[in-house]
Amino acid sequence: MIKGSYKNYPDKNGNFGQYGGRYVAETLMPLILEVEKKYLYYKKNKKFNDEFIKLSKDYIGRPSPLYYAKNLTEYLGGAKIYFKRDELNHTGAHKINNCLGQVLLALRMNKKRIIAETGAGQHGVATATVCALFGLECIVYMGKKDIERQKPNVFKMNLLGAKIVPVESGSASLKDAMNEALRDWVSNVENTFYIIGTAAGPHPYPMMVRDFQSIIGKELKKQILKEEKRLPNSLVACIGGGSNSLGLFYDFLDEKKVSLYGVEAGGKGIKTGKHAASLNAGKPGVLHGNKTYLIQDNAGQIKEAHSISAGLDYPGIGPEHSWLKDTGRVKYVYANDNDAIKAFKICCKLEGIIPALEPAHALSFVLKLAPKQTKRHILVMNMCGRGDKDLDSLAKHLKIKI
Ligand SMILES: *Cc1c(COP(=O)(O)O)cnc(C)c1O
C-alpha cells in the first residue's frame, strides 16, 4: 500500500512508480505530447464530457445493469455475487467505452484517419464502429494468424467500412500488429490518430484508456450503494492488457477495505510456458512504449503469449497494473484454459448468460473465492464481454461440430 491517493498517479511524465513512461522514437514524441496536451484539456471540458456521457447512454446503452446472480450465489453458498453487465454494451464488450472517448478526442484534434491494432478483433470492431458513426477512415492492423482465426470479426470490420492490413512480421499476432500501427503513426503524423485498445502503450494512453473505462466502476459505486447501502467487499476482473479491470477498480483504489483481484490467463499452465500471465510469471522490461511486466526469455526476447481466450493473449500488461502489483493494492491470480471453460459452462447453465472466454477466467476465480466467504460478503465481477464471438473456437476446442 502507498501513502496518499492512488489517484495521484501517473506523475506528469506518465510514471507509475518505476513503470509506464514514454519510450518512443524521437519522431513520435511531438505527436504523443500533442495527444497528451489535448487530452488533459478536454478531460476537463464540459462539452466533451457531456457528449461522451450522452453517446455512452444512447449509442452504447450505458449504464450497464448491476445484476444479482442469485442462482450462482446459492450454488456456491458463500459470498453474494453480482455481475456488472458490460457484455450488454453495443458491440458486446467494454472496448467501445474507450473507443468512443478516443474518437471524440481525435475529432477535436481534426484527425480524419484512424488507425488501430487488434488481436481477437474486438478492439478492431469497436474502432470500426465509432469510425462508421463519425464518417472517419479506419485502418486496422491485424496479425495474419489472427485474421485466419477470427473470421467473423474480420467480416464485421469489412461491413463497417474498415480496411484491414495483415501483419506477417514476428509471430503474426497482436504484439506485431501493435508494432506496425506505431510505425504507421510515425509516417502519417499529420492526419492520423492511433486508438490503442487497452491501458498500455506510451503515456498518456494508459491513463487515458483507464479514465474512459473508469465509467464502469463509477456506475457500480452508485448502483451498489443504492442496492446494498454499502460498498462491496471484493471486486474481480480478468486481465488482458488490463483496461476492463482498471475501469472497474479505479474508483475503488482508495477504498482500502475493498479487496481487488485481477485474473490473468494461465493458458495451458504456467509451467508449460504457454500462458499470458505477465504479472504472475513475467519480468519488467520495455515494450510498446512503456515499462511493465512482460513475458520474456532470459535474453529479454518477448515470448509469444498463449490463451484459449484471444482477448487475453498479450505478452504485456498495462503499466499501472505492474505498479499495483508491486504496491500490493491488487492481488493478481490466474486461471488456466480448462478452468475458464468449466466456469463458462456453469455460467451458461446457472445464469442463462453465455459469457466471453475472458470473463470466464474471472468467473473461475469467483468459483474459488466465493465459497470461502460469509453470506455478508459482497463480490462484484465484471462481465466484460459476451460469448458469441467465442463459440467457434470453443466448439473446436471441445471437438464439437456446429
Ligand atoms: C479485449 C478484451 C479483454 C482484455 O482486455 P483488457 O484490456 O484487459 O480489458 C477482456 N475481455 C473482453 C471481452 C475483451 O474483448
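Numbers for residues simply follow the sequence, beginning at 1. Just follow the structure's listing: the first ligand is 1, and inside any ligand the first atom is 1.
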Check this for me - ligand 1, [X], N or O atoms closer than 3.5 angstrom, yes or no?
X      : answer
Asn244 : yes
Ala93  : no
Gly241 : yes
Gly197 : no

For the side chain of [X] and the backbone of [Y], is there at least one donor-acceptor N/O pair under 3.5 Å apart?
X      : Y      : result
Lys111 : Glu190 : yes
Asn98  : Gln213 : no
Glu264 : Val333 : no

Problem - Between Tyr332 and Tyr261, ring centroids under 6.0 Å - result: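 They do not qualify: ring centres at least 6.0 Å apart.
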
Problem - Pair His377-Ser234, side-chain donor/acceptor within less than 3.5 Å - result: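 Yes, side-chain donor-acceptor contact under 3.5 Å.
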
Nearest protein heavy atom to [atom], by residue and atom, and its distance?
atom                    : value
atom 15 (O) of ligand 1 : Lys95 NZ, 2.7 Å
atom 6 (P) of ligand 1  : Ser243 N, 3.3 Å
atom 7 (O) of ligand 1  : Thr198 OG1, 2.5 Å
atom 4 (C) of ligand 1  : Gly311 O, 3.3 Å

Exercise for the section: For the pair Phe52 and Phe212, name the ring-plane relationship: parallel under 30°, tilted 30 to 60°, perpendicular over 60°. Expected result: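 The rings of Phe52 and Phe212 sit tilted, inter-plane angle from 30° to 60°.
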
Sub-4.0 Å atoms of ligand 1 with respect to non-hydrogen atoms of [X]:
X      : answer
Gln122 : 15 (O)
His94  : 2 (C), 3 (C), 6 (P), 9 (O), 10 (C), 11 (N), 12 (C), 14 (C)
Gly385 : 13 (C)

Problem - N-O pairing of Glu219 and Arg85 below 4.0 Å - result: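 Looking at Arg85 together with Glu219, the answer is no, because their closest N to O distance does not fall below 4.0 Å.
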
Handout entry: Electrostatic pair Glu51:Lys54 at N-O distance under 4.0 angstrom
Key =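 No, Glu51 and Lys54 are not salt-bridged.
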
